[in-house]
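To start, the structure itself, in structure tokens.
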Amino acid sequence: MGRPRAFDEDEVVRAAVGLFAGHAYDGVSIDDLVTRLGVHRNSLYKTFGSKRGLYLVALRRHLADDIRPLTDALAAAPDAAAVLRLVTSADLGLLLLAAVERAPVDEEVAAEVTAALGTVDQAIADALGIPAVLAAALTASALGILLRGNPDGVGAALTRRLDPLDSKEN
């Protein structure tokens, strides 16, 4: 009979989210995971199968814990300015890294990223009463601002320009 698990899987996954969000998939080694998560190598492989297995679990946790609440908030956003503020203030680190680093080379990650962004787009479209393609453009703009660190108040300038979207008659 094997030894009982000596770690809390939920805590390990939460810590892995932070580790992958801070260093990206390729920037985290198995040794990093073992050291930073406090899990023995054999336990990590037995529980998650591989580094990629843990990454997928961590990505899905990030989507559930960080992206789903964002989409709920977006669905209740009163205007485009609120949408922009919500997206640019959200913790999207792992989603963004997954989109640029893993999605191009991993179909399963690409599917998760595509679904998550589609959910964000749909929440914005529903809240603002705008076409999905326009909501996707707003999402892309907000993510760009987030990635660039809002240089020179781009977010505020864009918010002022979004006023026409706030009128649902358009």
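Please read these numbers as outputs of a predicted model, since none were measured by experiment.
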Practice problem: Using a cut-off of 6.0 Å, state whether more than 12 heavy atoms not belonging to R68 lie near its atom CZ. | Solution: no

Quiz item: Are L134 and L138 side-chain neighbours, meaning at least one heavy-atom pair lies under 4.5 Å?
Solution: no

Quiz prompt | Passing option when I67 is tested against L94, V120, D72 for side chain to side chain contact (heavy atoms under 4.5 Å, CB included) | solution = V120

Exercise. Report yes if some heavy atom in the side chain of L143 is under 4.5 Å from a heavy atom in the side chain of L117; otherwise report no.
Key: yes

Practice problem: Can you see which heavy atom on L128 is nearest to which on A80, and at what distance? | Solution: CD2-N, 3.6 Å

Quiz prompt | Geometric class of the Y55/Y25 ring pair [parallel <30°, tilted 30-60°, perpendicular >60°] | solution = perpendicular

Practice problem: Report yes if some heavy atom in the side chain of V39 is under 4.5 Å from a heavy atom in the side chain of L33; otherwise report no. | Solution: no

Practice problem: Run the salt-bridge test on R14 and D10 with the 4.0 Å N-O cut-off and return the result as yes or no. | Solution: yes

Self-check item: Heavy-atom pair with the smallest gap, counting every atom of A90 and L146
Solution: O-CD2, 4.3 Å

Quiz item: Is the backbone of D26 close enough, under 3.5 Å, to the side chain of E101 for a donor and an acceptor to pair up by distance?
Solution: yes

Self-check item: Side-chain touch L97/R102, heavy atoms, less than 4.5 angstrom
Solution: no

Quiz item: Looking at side-chain heavy atoms only, is the closest gap between T139 and V87 below 4.5 Å?
Solution: no

Quiz item: Counting distance only, does the side-chain N/O of D32 pair as donor-acceptor with the main-chain N or O of S29 below 3.5 Å?
Solution: yes

Quiz item: Can you name the nearest heavy-atom pair linking V34 to H40, along with the distance?
Solution: CG2-C, 4.5 Å

Exercise. Could you tell me which non-hydrogen atom of A77 sits nearest to which non-hydrogen atom of A82, and how far apart they are?
Key: CB-CB, 4.2 Å

Quiz item: Is any side-chain N of the basic residue among R61 and D66 closer than 4.0 Å to the acidic one's carboxylate O?
Solution: no

Self-check item: Atom of A103, atom of A110 and distance for their closest heavy-atom approach
Solution: O-CB, 3.5 Å

